[in-house]
Amino acid sequence: MRKLQWLKTRTGLFSDPRMLCLMNQANGDSYIVLWFFLKDMAGTVNDNGLVYVSGQEAMTTQLIAKCLHRRRPFIEKGLALLEKLELIKRNENGMIRIAIWDELQDFQRDEKKREQTKERVRRYRERQRQAQQGDSPVDAAPVMTETAVSDEMVMTAEEAPVYDGEPVTTPKTMRDYTSVQKYQELFGPMQGEFAQQLIDLEKMWGSEATCIAIELAHDNGVNNIKYIQAILKNSNGHPMKKEDAYERRQRECYEHIDAVLREARREKLQRLQAENARRNASRNDDGEGSGISFASLAKTM
């Protein structure tokens, strides 16, 4: 199997709660090194995130310890921690697999995009060859025209036609619009009429909403103005990108941390109130003592 030449790493990696947990351990930086070592080995093997010496022999903790110049108990502890954080999985034979491999690399989508690009280039060259043989001009690139979209219609990626004609340079007067820049960044140059329709959508719905709609169309592999328009209309100008599994887990983790902190503050407040009540009762019984106000106790929170 062909080895990979590079690995993907998300921005904001060290704000990931799992990475924060690793770094907060004793010798946490070594756990980070272990995690990247396993990802590098998985990329070298390039077999759906598996880490092994051969298809029949798993990579042992002793071998990993020798590679990283660490003691074997430390490697075993690190693997157990990574498994607890659901970063890796191990089967009964000790075979290691990066649990979030597909999430990190997303090779299938990249491969699909490459295949689609190859197919578009092949079709264009075929039309060009036929035009030269028939002594006729090459078919002009289709011009996308805006049509009315009903509220009930939700155009899917399979239904929307994809523009596969020869790219045409975007007019200079239209390049300063945010939607045009976003489209060029994701899809490349466009025709002037197509750019004008994007500008009209930006003026109607706003630049941020239009750019998000363009990103959603790109994620679904659809290069079509009607599809972008349908996204904006069906969302009433508030399209939202669907969060992936990584973002969902990160959001849930932050929500859990916030809930724990709120509960801790509530319990502390109750303790302070109870302590203040006891001190006031003791002061009343003894007829002396300055006591401490609840407000002064609350300031310590």
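Predicted, not measured: the structure shown is a model, and the values here were computed from it.
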State which residues pass side chain to side chain donor-acceptor pair (under 3.5 Å) with Glu185; sequence neighbours excluded, sorted by chain then number.
-> none

Stepwise side-chain contact (heavy atoms from CB on, under 4.5 Å) test for Ile228 and Trp205 = CA-CA 11 Å; Ile228 297 172; Trp205 300 104; over 6 Å; no

Residues forming a side chain to side chain donor-acceptor pair (under 3.5 Å) with Glu126, sequence neighbours excluded | Arg129, Gln130

With sequence neighbours excluded, give me every side chain to side chain donor-acceptor pair (under 3.5 Å) pair touching residues 21-30.
-> Ser30-Arg70

Do the side chains of Leu85 and Val260 join up, straight or via other hydrophobic residues, at under 4.5 Å, putting them in one cluster?
-> no

Those residues that, when tested against Glu202, pass salt bridge (charged side-chain N to carboxylate O under 4.0 Å, His left out) (two or more places apart) = none

For Gln62, which residues count as a side chain to side chain donor-acceptor pair (under 3.5 Å) partner, sequence neighbours excluded?
-> none

Distance in Å, Thr61 OG1 paired with Ile75 CD1, rounded so as to fall on 0.5 Å steps = 8.0 Å

Output every pair passing side chain to side chain donor-acceptor pair (under 3.5 Å) with a member in residues 81-93, not counting sequence neighbours, ordered by first then second residue.
-> Glu83-Arg90

Exam field: side chain Asn220 to backbone Leu216, donor-acceptor pair closer than 3.5 Å = yes

Residues two or more places apart in sequence or in another chain: which of them pass side-chain contact (heavy atoms from CB on, under 4.5 Å) with Met41?
-> Phe37, Val51, Met59

Atom of Gly49, atom of Ala42 and distance for their closest heavy-atom approach = O-CB, 3.8 Å

Hey, what's the ring geometry for His218 with Phe187, parallel, tilted or perpendicular (30° and 60° as the breaks)?
-> perpendicular

Across all chains, not counting sequence neighbours, the salt bridge (charged side-chain N to carboxylate O under 4.0 Å, His left out) partners of Glu267 are none

Would you please name every residue forming a side chain to side chain donor-acceptor pair (under 3.5 Å) with Lys77, sequence neighbours left out?
-> none

Contacts of type salt bridge (charged side-chain N to carboxylate O under 4.0 Å, His left out), residue Arg122, not counting sequence neighbours | Glu119

Kindly write out the residues that satisfy side-chain contact (heavy atoms from CB on, under 4.5 Å) with Arg71, not counting sequence neighbours, or none if the list is empty.
-> Pro73

Hits for salt bridge (charged side-chain N to carboxylate O under 4.0 Å, His left out) against Arg271, two or more places apart or cross-chain, chain-then-number order -> none

Do Glu263 and Arg266 pass the salt bridge (Lys or Arg N to Asp or Glu O under 4.0 Å) test, and can you show the C-alpha distance, the side-chain angles, and the key distance before you say yes or no?
-> CA-CA 5 Å; Glu263 180 63 21; Arg266 187 185 64 82; 2.3 Å; yes

